[in-house]
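Notes to accompany the following structure.
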There are 2 protein chains.
Amino acid sequence: MSRTTLQQIALSLDISVTTVSKALNSYPDVSKKTIERVKEAAERLNYKPNSFAVNLRTQQSKTIGLIIPEIVHQFFSNIVKGVTDEAEKNGYVVIVMQTNQKFNREKETVEFLINKQVDGILIALSDETVDYEHLLRSQNLDTPIVMFDKIANTVACSKVLIDDVKAAYEATEHLIKTGCKELVHFRGPLHSQNAIDRLEGYKIALLDYDLPFKEENVYLCEEMSFDMGREQARKMLDENAKVDGMFINTDLVAVGAMAEIKDRGLKIPEDISVIGFSNWFLSSVITPSLTTVAQPSFSMGKISFNMLLSELTNKRNNTKVTHETIHLPTELIVRDSTLPL
Amino acid sequence: MSRTTLQQIALSLDISVTTVSKALNSYPDVSKKTIERVKEAAERLNYKPNSFAVNLRTQQSKTIGLIIPEIVHQFFSNIVKGVTDEAEKNGYVVIVMQTNQKFNREKETVEFLINKQVDGILIALSDETVDYEHLLRSQNLDTPIVMFDKIANTVACSKVLIDDVKAAYEATEHLIKTGCKELVHFRGPLHSQNAIDRLEGYKIALLDYDLPFKEENVYLCEEMSFDMGREQARKMLDENAKVDGMFINTDLVAVGAMAEIKDRGLKIPEDISVIGFSNWFLSSVITPSLTTVAQPSFSMGKISFNMLLSELTNKRNNTKVTHETIHLPTELIVRDSTLPL
DNA sequence: CTAAAAATCGAAAACGTTTTAGTGTTAAAA
DNA sequence: TTTTAACACTAAAACGTTTTCGATTTTTAG
């Protein structure tokens, strides 16, 4: 019951292996008639090319690596979906690997995928990553990289992301316009470009509306968890009784903060308004429902794959590869955790 | 900057390619001394085996396929995590593909992975699947299959799942013991073995506690969505005013149902108790928090991979492969959507 | 010191494909 | 008629490993 090979088709038709191969790949220098015959025979014998041989010969695997911090996460699982869907349409297959936000694992993973000889890599950086040697090495070894969402500004490669500054600005602005005066921001990890940009957007909005930016109103969340949200909210409520608006880096953290606020007997949004980020499904079903910023995760996955694909085909055709950065639009989703305008 | 090959190492040491290969793989018929020399040279030249060549020669790719209905789903993304973690530890890589609960896509996907020559396949069946030809074909073509969670009883292969009957029994029992008299069940799709078994557990519990089983108290949810939960709850509330307990196939559906119940001004659990299934994170943060059945998704992934791995190694050693079925324990997580005991 | 055994190495085949560089045959152009 | 050009096909090399089967050398035993 072993697989049929070109050899066997050639034998059964009494022509050469070369011709069979060319016929199957529709080379111009094989007659219509033999193309017919070969294709018929291939069908009849249920021929499927041996991908190991094809890979070896063509030096490409039609496989890409996808590196994310964590798959059990609505945003990233949507990314995976976007990438795999698009990859499949183009005959590519994707290997998913996680870093669990550890820089060392990120290095190992990149190394591993290069050794596995994937055609290219899609990566969202770990929040710990500040050294980019491993990524440059990948590029040197001719494995193109496209970054998405969690990127490094200094690495020269294509990138697809959202405009975090703008999104954060709009969220903060909404808090201000609905009457909040004392605004707190729960920021993400120090090295995360997302976190840096969102903080920046928050700052600019404050300045634009003549509200003072206070260092002590920025709370650091080293990890994006429910518990961290609760913990920092506890700290905040102990320290600052005047807070009436919060812009929080991530929905999950926001939900944790809301739990603490509710436990203290404070009302959302009457006492404190809350805005999250990412528009997890979660946010629409908690009480009160959470105002948040929607990020296009599925299409970010699709677009990232397509950018990588175009780099791969460019490389194959020896046309110059150019890097571009795409910003995807975000949308403020207004729900019940903020006051009406 | 091209990769170093065995050839190059051989040349630089003035020995044969054969010996280099053997040295690297620690064959017994190569001296300690040359093993040293070769390994040193390999290190120095940064040799990494060309996996395409290795695949072709050994006829295995150290790659497995993982087929799931839908990745944007807490249960399945946890499965993916379990599988990939365990695979990585064993030098395997996993290709994730989704069926979106479509039988046709499931067939195509299996076919695709076989053609890609993965070493084995891990699959959770689509809810539509009632025909298993494609799976048998895979086995005939020597690609082992292990099923998890959504399985087909009639296919001979290893399986890892939970005891849905028992889990459903315990959930229903809990509703009864907390005083519910009129119990409704929201069941899953008709062909889903999970749904069938959970319905069975619900039935048996009713019988054991001398409560009548009423056909009209079972509501069919064709898809496991928030909206479906809401819709069926609406129907239920219109039809049956006496309902005081609900056992629902999936947390997400339960959350939808809860939304409708709350919108009608009914109290959970005072008027109606609700139990879900799967213990999504969601369930712990909604109001009221949802009593549910915890399923071990992460370890299910790990165990599934290990079962496949042992089949693969057995196959390699020509030892007989035996199929086994493993049942993983579930746990009833009591929260605020049910009355105290 | 010789024969047998063990240790060490290498030539070559094989995995199945793609592509280069032709060869021969036929049709069109001179 | 000869020369070109177009057409249809193929032998062989190449991709980089692994493994079989001998060959050669070294060690051990008698």
Side-chain angles (χ1 to χ4, degrees), chain A residues 2-39 41-42 45-63 91 114-117 119 141-142 316-318, chain B residues 2-39 41-42 45-63 91 114-117 119 141-142 316-318:
Chain A
S2 73
R3 305 167 65 102
T4 32
T5 66
L6 292 186
Q7 179 81 264
Q8 291 170 26
I9 298 181
L11 237 46
S12 87
L13 260 47
D14 199 33
I15 54 179
S16 76
V17 171
T18 304
T19 306
V20 176
S21 170
K22 286 185 172 177
L24 257 17
N25 294 306
S26 301
Y27 271 54
D29 66 342
V30 32
S31 68
K32 291 288 161 215
K33 202 190 310 163
T34 48
I35 288 192
E36 284 307 311
R37 294 208 308 145
V38 169
K39 290 199 168 165
L45 299 175
N46 192 30
Y47 170 78
K48 307 289 175 193
N50 181 313
S51 58
F52 299 154
V54 176
N55 289 350
L56 176 60
R57 180 55 228 230
T58 62
Q59 296 290 7
Q60 58 160 0
S61 51
K62 291 276 195 175
T63 299
I114 292 175
N115 292 344
K116 261 278 170 184
Q117 287 163 284
D119 294 345
L141 289 173
D142 229 36
R316 242 187 131 50
N317 305 336
N318 282 321
Chain B
S2 74
R3 306 166 65 103
T4 33
T5 66
L6 292 185
Q7 179 81 265
Q8 292 169 26
I9 298 181
L11 237 46
S12 87
L13 260 48
D14 200 33
I15 54 179
S16 76
V17 171
T18 305
T19 306
V20 176
S21 170
K22 286 182 173 176
L24 257 16
N25 294 306
S26 301
Y27 271 53
D29 67 341
V30 35
S31 67
K32 291 287 160 215
K33 201 188 311 163
T34 50
I35 288 191
E36 283 306 310
R37 294 208 308 145
V38 169
K39 291 200 166 163
L45 300 175
N46 191 30
Y47 169 78
K48 307 288 175 194
N50 181 313
S51 57
F52 299 153
V54 176
N55 290 349
L56 176 59
R57 181 54 228 232
T58 62
Q59 297 289 10
Q60 59 160 357
S61 52
K62 291 277 195 173
T63 299
I114 292 175
N115 292 344
K116 260 277 170 184
Q117 287 164 285
D119 294 345
L141 288 174
D142 229 35
R316 242 187 130 50
N317 305 337
N318 283 320

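What's counted below: heavy atoms across the whole structure, side chains too, no hydrogens, waters or symmetry copies. The shown structure was predicted, so the numbers you read here are calculated from the model rather than taken from an experiment.
Between A:K116 and B:T63, the closest side-chain pair of non-hydrogen atoms falls below 4.5 Å. Residues A:R37 and A:I9 form no side-chain contact, since every pair of their non-hydrogen atoms from C-beta on lies 4.5 Å or further apart.
Counting any heavy atom pair closer than 4.0 Å across all strands shown, A:T19 reaches a base atom.
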Legend entry - side chain to side chain contact (heavy atoms under 4.5 Å, CB included) between A:K39 and A:L24, worked out: CA-CA 7 Å; A:K39 290 199 168 165; A:L24 257 17; 4.2 Å; yes
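To the nearest 0.5 Å, the span separating OG1 on B:T5 from NZ on B:K48 amounts to 15.0 Å. Of the inter-residue distances, the one linking A:Q59 atom CD with A:R316 atom CZ reads 10.0 Å to the nearest 0.5 angstrom. Here the OG-NZ distance, from A:S16 to A:K22, works out to 8.0 Å after rounding to the nearest 0.5 Å. For the atom pair OG of A:S51 and CG of B:N115, the computed distance is 8.0 Å after rounding to the nearest 0.5 Å. Note that CZ of A:R3 is 9.0 Å distant from CD1 of B:I114, once rounded to the nearest 0.5 Å. Note that CG of B:L11 is 12.5 Å distant from OG1 of B:T4, once rounded to the nearest 0.5 Å.
When rounded to the nearest whole Å, the span between NZ of B:K62 and C1' of D:dT17 equals 15 Å. Rounded to whole angstrom, the span from the CZ atom of B:F52 across to the P atom of D:dT18 amounts to 15 Å. The distance from atom CG of A:N115 to atom C1' of D:dT17 is 16 Å, rounded to the nearest whole Å. Following rounding to the nearest Å, B:N25 (CG) and D:dT19 (C1') show an atom-to-atom distance of 11 Å. Whole-Å rounding puts the A:K32 NZ to D:dA8 P distance at 9 Å.
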Short N/O separations, protein against nucleotides 20-23 of chain C, under 3.5 angstrom:
none

Enumerate all atom pairs, one protein N or O and one N or O from nucleotides 14-16 of chain C, separated by less than 3.5 Å.
unit_1	atom_1	unit_2	atom_2	d
C:dA14	N3	B:R57	NH1	3.3
C:dC15	O3'	B:Q59	NE2	3.2

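Look at A:T34 and you won't find any side-chain N or O under 4.0 angstrom from OP1 or OP2 of D:dA8. At C:dT18, one or more side-chain N or O atoms of A:S21 fall inside 4.0 Å of OP1 or OP2 (strictly under the cut-off).
Neither side chain, A:Q117 nor A:S61, offers a donor N or O lying under 3.5 Å from an acceptor on the other.
Residues of residues 9-16 of chain B having a heavy atom closer than 4.0 Å to DNA chain D: none are found.
Checking each of A:V20, A:T19, A:I15 against A:V30 for a side-chain contact (heavy atoms from CB on, under 4.5 Å) leaves exactly one that passes, namely A:T19.
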